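In what follows, a structure is listed as structure tokens, so that the remarks can point back to it.
Values in this document were obtained by computation on a predicted structure and should not be read as measured data. The analysis underlying the following values was restricted to heavy atoms, covering all of them including side chains, and did not include hydrogens, waters or symmetry mates.
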Amino acid sequence: MKKNLLVSSLVALATIATLSGCGGSVAKPNFVIPEGGYDGSEVTISFYHTMSATTLQPTLEKYIKKFNETFPNIHVEHEQIGGYDEVRDQIKEQISIGAQPNLAYCYPDHVALYNKAKAVATLDQFIDDKTVYTTTNAKGEQVEYTFGLTQEQKDDFIEGYYAAGSSYGDGLMYSMPYSKSTEVLYYNKTFFDANNLSVPTTWDEMWELCAAIKEIDPKCTPLGYDSPNNWFITMCEQMGSGYTSATGNHFLFDNQKNRDWVTDLKTQYEKGYFTTQGLLGTYTSSIFVETSEASDVIKSYMSIGSSAGATHQRPAKDAEGNYPFDVGIAPIPQLNVNKPKVISQGPDICIFKNENPQEVCASWLFLKYLTTTVELQAEFGLASGYVPVLKSVSQNPVYKAAVEKANGGENIAALSAKVCMEQANAYYTSPAFVGSSTARDQVGALLEAVVTGSKTVDQAFQDAMDECEYSI
């Protein structure tokens, strides 16, 4: 492999200088690209993830082989650790002895935890490196490629997804988005059509609709909202009321706007308009897909949950092989439809520091491949039910054909993805810091405590704040 070493050094220095600023007040990248970048040497890199062996790992392995057509000396070993928390916990232990992997699935609060040990490599210097490399591919041919991201590649990312990688308060990029989900509103389209009901676009419309549904079916609970945590956080965004901050005073959620909203929500709960996963004791999709007419069975006609869980929001087929009702999917209600906010979820990928800088550089090349290859993103999205992170995937022939067949039955996952792509401008991410995961848990707990009356508003907010402060 050959490269203009002088250019490489100047690019690295310029990147650091730009980010540090004249006064040195802005954080600097914590990894310097070595002269020559990835030098073509034989390296093995490890990747921890949560992909299932039956549905997703075959896609990953297919594209690792394609990656090796260009970089035959970069050997990728991948391992399914378990769930996201299991990945976090194993890496936390391994960091203490310097045995962490090269790359891993991550959520922002995981990265904040890893960075207590300064273990995660910043990505800015890689992203901004425009140097053109030459390498020998698996066929022995000389091929050129750009080390960093082109402007076209940067612009192709859905902005809200890309922004999560720099949500740590220092302006630097620590992760890249890989696959995403959000929350959507599932509704019983058959029931809505039969009763001439309109899908709500605002929360005022939602409560009016719940009242109308209760008149039609007094026994029902019209709405199930799976995650009280997401509900609270999303309303902070929609109201502009304050939730958390990556710097300074981290916990901002104890304010009058949020107290007033939770108090109003208690009124809606007392009317029997909604439930949550915590209040119900199971996923609210369980009552949404319910079709029994038994008198003691609870039903709902709307369910707000993960876009990646669309197949769980679809009722089981009847004896004739038909779905008992058609499912519609729409964006969640907003406080202001002109300023929509909806949560961005799903894994990013981060790179860990390593004594061998060639492993870090090779890890970047693999990470870039995973996140910017349109065909990979399209195929993985269709296989997983998650939303691709690239805008251009919507024009990929295979992906486009699947979305065009979207419906509330067999192709419900494609319908969910379609709705997600249509609201790409509304995504937000919360700040990440040590203690941010505690805040997430506590605001959901206080919401449920207030609406059920197990705590007063004052006590619920105070207890949540105390737990959050204790966590740091």
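- At a threshold of 4.0 Å, the pair Arg259-Asp458 counts as salt-bridged, since one of the basic side-chain nitrogens sits closer than that to a carboxylate oxygen.
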When you look at Phe288 and Tyr283, which way does the ring-ring contact (aromatic ring centres under 6.0 Å, His included) test go after all the steps?
CA-CA 10 Å; Phe288 177 68; Tyr283 287 107; over 10 Å; no
side-chain contact (heavy atoms from CB on, under 4.5 Å) between Lys391 and Ile158, worked out:
CA-CA 6 Å; Lys391 301 170 188 173; Ile158 293 173; 4.0 Å; yes
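- No salt bridge links Asp109 with Arg440; every basic N to acidic carboxylate O contact stays at or beyond 4.0 Å.
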In sequence, state the C-alpha distance, the side-chain angles, and the governing distance for Phe461 and Val262, and then conclude on side-chain contact (heavy atoms from CB on, under 4.5 Å).
CA-CA 10 Å; Phe461 274 85; Val262 175; 4.2 Å; yes
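- Tyr187 and Phe192 have tilted rings, their planes meeting at an angle from 30° to 60° on a 0 to 90° scale.
- Tested against Tyr48, the residues Gln94, Gln80, Arg88 include a single side-chain hydrogen bond (donor to acceptor under 3.5 Å, both in side chains) partner, Gln94.
- A parallel orientation is assigned to the rings of Phe126 and Trp364, their planes being inclined by less than 30° (bins at 30° and 60°).
- Between the side chain of Gln57 and the main chain of Thr54, no donor-acceptor pair closer than 3.5 Å is present.
- With contacts defined as side-chain heavy-atom distances shorter than 4.5 Å, the pair Ile81/Thr50 does not qualify.
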For Asp217 and Tyr301, run side-chain hydrogen bond (donor to acceptor under 3.5 Å, both in side chains): C-alpha distance rounded to whole Å, both residues' side-chain angles, the deciding distance at 0.1 Å, then the answer.
CA-CA 10 Å; Asp217 182 359; Tyr301 295 96; 2.8 Å; yes
side-chain contact (heavy atoms from CB on, under 4.5 Å), that's the test. Do Lys154 and Asp128 meet it? Break it down for me.
CA-CA 10 Å; Lys154 290 181 184 179; Asp128 295 330; 3.1 Å; yes
